[in-house]
There are 2 protein chains.
Amino acid sequence: MNAVKLTSTLTFRLGTLGAVLTDRFSARLAAHDLKPKHVGLLAVLDSGAAASQLDVARIMNVAPSLVVSLADRLEELGAVRRERDPADRRRQVLTLTAEGRDLLAACARAAAELDAELLEGLDQDGAETLRATLGTLARRTGLPAD
Amino acid sequence: MNAVKLTSTLTFRLGTLGAVLTDRFSARLAAHDLKPKHVGLLAVLDSGAAASQLDVARIMNVAPSLVVSLADRLEELGAVRRERDPADRRRQVLTLTAEGRDLLAACARAAAELDAELLEGLDQDGAETLRATLGTLARRTGLPAD
DNA sequence: CTTCATCATTCAAGTCCTGAACGATTTGGA
DNA sequence: TCCAAATCGTTCAGGACTTGAATGATGAAG
């Protein structure tokens, strides 16, 4: 019958693991009063893939209205600048400020520390393979991956 | 400076990928009127690791009160049986029924289908390595992994 | 047998997110 | 040129999900 064990499916494992890691990341971010999605938004801007808030919403897979509140908070922190696009005054163009770049770097460092903690004891080779494979999957899933 | 790119950290990648996959799984489960956590509970029972609701709560990393409502729903579906432990009448012992096992199997199959979709085009070897590595990480994280 | 801990349950509250409604702006025809 | 429809951002009410505190039942220790 080819019985499948739920816990060994990628769907389930990535889901549960992802939830735990997101929680940990969230805890680290508490110091900055940020949520993972705020940092995700910074990363989208840093990648240069986005311009308008709607672009960001599509890339992040969230409702446009959520981007509004995320951007509100980040603007308040001075991490992003919000300007009307002169060519189309309906669009709000978000750009990363120097502070925003620093903030993103700090958060990326925090994530890297969590990575190290997670991978402790794992062989270096396996870690690199994992990173690469996940990158491929992220791309195939339409997620920002580099 | 060793600048770290956020999107290439496992923390971020596993987090975002996990969220997407959980959404997809959730969509599949809608047919059964179940959420991923319901299925997670079934899996915990199937593993034989748990007995009381509190055990389940600890394993799943959720509040005991949440287990109550999850179990309510599953009992209503006839997927689990709920009995007071004769040796300690405070404890509610959850056990999988035959229907519960079938339901879990169906959900595991759905997850496996999503896996196939996700891995389409990926080399078989990489997929198996990925599965194994994630299993290791799950174990190191205190998550149910076989 | 009294006191304290443990387990399940209920319930109110908090967080996070979405979708509908609105105003401002742009676009594509009549 | 002018108007109808589409697009973008924003606000806001509501829904889904989860937790923590309060309660009652049961058990354990002295």
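If you're wondering where the values come from, they're calculated on a predicted model, not measured in any experiment. We use all heavy atoms of the structure for the numbers below, so side chains are in, but hydrogens, waters and symmetry mates are not.
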Do B/Leu54 and B/Arg91 have side chains that get closer than 4.5 Å, going by heavy atoms?
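Counting from C-beta outward, B/Leu54 and B/Arg91 never come under 4.5 Å.
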How close or far is atom [atom2] of [N] from atom [atom1] of [X], stated in whole angstroms?
X       : N      : atom1 : atom2 : value
A/Gln53 : C/dA24 : CD    : C1'   : 14 Å
B/Arg84 : C/dC7  : CZ    : P     : 12 Å
A/His38 : C/dT15 : NE2   : P     : 13 Å
B/Gln92 : C/dA8  : CD    : C1'   : 7 Å

Out of A/Leu122, A/Asp123, A/Leu134, A/Thr129, which residue meets the side-chain contact (heavy atoms from CB on, under 4.5 Å) rule with B/Thr133?
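Of the listed residues A/Leu122, A/Asp123, A/Leu134, A/Thr129, the side-chain contact (heavy atoms from CB on, under 4.5 Å) partner of B/Thr133 is A/Leu122.
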Does [Y] offer a backbone N or O that forms a donor-acceptor pair with the side chain of [X] under 3.5 Å?
X        : Y        : answer
B/Thr136 : B/Ala132 : yes
A/Arg84  : A/Arg90  : yes
B/His38  : B/Lys35  : yes
A/Asp85  : A/Val93  : no

Treat primed atoms plus P, OP1 and OP2 as sugar-phosphate and everything else as base, then score nucleotides 12-30 of chain D 5' to 3': B for base contact with protein heavy atoms under 4.0 Å, S for sugar-phosphate contact only, - for none.
-----SSBB-----BS---
For A/Arg91 and A/Asp72, find the nucleotide of DNA chain D closest to each by heavy atoms; which residue's nucleotide sits nearer the 5' end?
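Final value for this comparison: A/Arg91.
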Under 4.0 Å between a side-chain N/O of B/Arg82 and OP1 or OP2 of C/dC7, yes or no?
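So the side-chain polar atoms of B/Arg82 never come under 4.0 Å of the phosphate oxygens OP1 or OP2 of C/dC7.
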